[in-house]
Amino acid sequence: TQLLEQSPQFLSIQEGENLTVYCNSSSVFSSLQWYRQEPGEGPVLLVTVVTGGEVKKLKRLTFQFGDARKDSSLHITAAQPGDTGLYLCADRSGNTGKLIFGQGTTLQVKP
Amino acid sequence: DAGVTQSPTHLIKTRGQHVTLRCSPISGHKSVSWYQQVLGQGPQFIFQYYEKEERGRGNFPDRFSARQFPNYSSELNVNALLLGDSALYLCASSLGLLVETQYFGPGTRLLVL
């Protein structure tokens, strides 16, 4: 069974700081996805990466996929209070629609 | 267009009771998946339904069951509730069985006392 481990589990920073969160898999990713979940809401897809070494940018968010496709990072530049939330990485399991999630990184950005 | 909707938003039950949670997918989406999210953890897959048939099941006891209706809406049923069933239950819809993007609803917060 594939396990996704995210670190750190909790991060509290001041507005304007940079941060990086990580996601590591016990096996090669099929199709890695990053989500953000705000309190009282469901997860919202931020990005999907499939190619080893791939880098994708979404405004102040930079997503990197490891060459071996077993690890990924999410870097946020100049964090804002609106970035506060739970960041989840997920992989699609085999030939199904099932998503396997990591336990998440809770980010708090203080004004 | 409306997103995924779930009802009720919150629910309080006692141990041993039964609960039914409902989900309406985005219009045109034929696949619905259910996830359980315990506080402080990532969502865990419970079921996937596509074209009214079960296409995937997670590691949950038989107390959990689900079905999908001809209009593609879905129900999740949990019997003989335990304290450990307290969680946020999320529904996600997608166009097809293997489509990459799943859209999540806001969830139903279940508290079992």
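The chains referred to below are lettered A, B, ... by the order of the sequence lines, with proteins before strands, and numbering in each begins at 1. Below, all heavy atoms of this structure are taken into account, side chains as well, without hydrogens, waters or symmetry copies.
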When hydrophobic residues are tied together by side-chain contacts of less than 4.5 Å, even through go-betweens, does B/L81 share a cluster with B/V38?
no
So NZ of A/K98 and CZ of B/F47: to nearest 0.5 Å the spacing works out to 12.5 Å
Hey, would you say the B/F104 and A/Y35 ring centroids sit under 6.0 Å apart?
yes
Would you name the heavy atoms of B/L90 and A/G42 that are closest together and state the gap between them?
CD2-CA, 3.9 Å
Is B/V4 reachable from B/Y49 through a run of hydrophobic residues whose side-chain heavy atoms are each under 4.5 Å from the next?
no
Check whether more than 12 heavy atoms from other residues, nucleotides or ligands sit under 6.0 Å from atom CG of B/L83, and answer yes or no.
yes
Any side-chain heavy-atom pair from B/F45 and A/F101 closer than 4.5 angstrom?
no
Applying a strict 4.5 Å limit to non-hydrogen atoms, the region of B/Q41 in contact with chain A is both
Heavy-atom pair count under 4.5 Å with chain B, highest-scoring of A/G104, A/A90, A/G102, A/P43
A/P43
Less than 4.5 Å to any heavy atom of chain B: does that hold for the side chain of A/L99, its backbone, both, or neither?
both
With hydrophobic residues grouped by side-chain heavy-atom distances under 4.5 Å, do B/I46 and B/L82 end up in a single group?
no
With a 4.5 angstrom heavy-atom cut-off, could you sort out which part of A/Q37 is near chain B: side chain, backbone, both or neither?
side chain
Give a yes or no on this: more than 12 heavy atoms of other residues, nucleotides or ligands lie within 6.0 Å of atom OH of B/Y103.
no
Does A/Y22 share a hydrophobic cluster with A/F65, counting links as ILVMFWY side-chain heavy atoms below 4.5 Å and allowing steps through other members?
no
I'd like to check A/L86 versus B/Q37 (side-chain heavy atoms, cut-off strictly below 4.5 Å). Are they in contact?
yes
B/F64 and B/L88: same hydrophobic cluster, using ILVMFWY side-chain contacts below 4.5 Å?
no
Between B/Y50 and chain A, with a heavy-atom cut-off of 4.5 Å, which part of the residue counts as in contact: side chain, backbone, both or neither?
neither
Would you indicate whether B/N71, at its atom CG, is surrounded by more than 12 heavy atoms from other residues, nucleotides or ligands within a distance under 6.0 Å?
yes
What is the minimum heavy-atom distance between B/G42 and A/L88, and which atoms define it?
CA-CD2, 3.8 Å
Is a donor from one side chain sitting under 3.5 angstrom from an acceptor on the other, for B/Q102 and A/Q33?
no
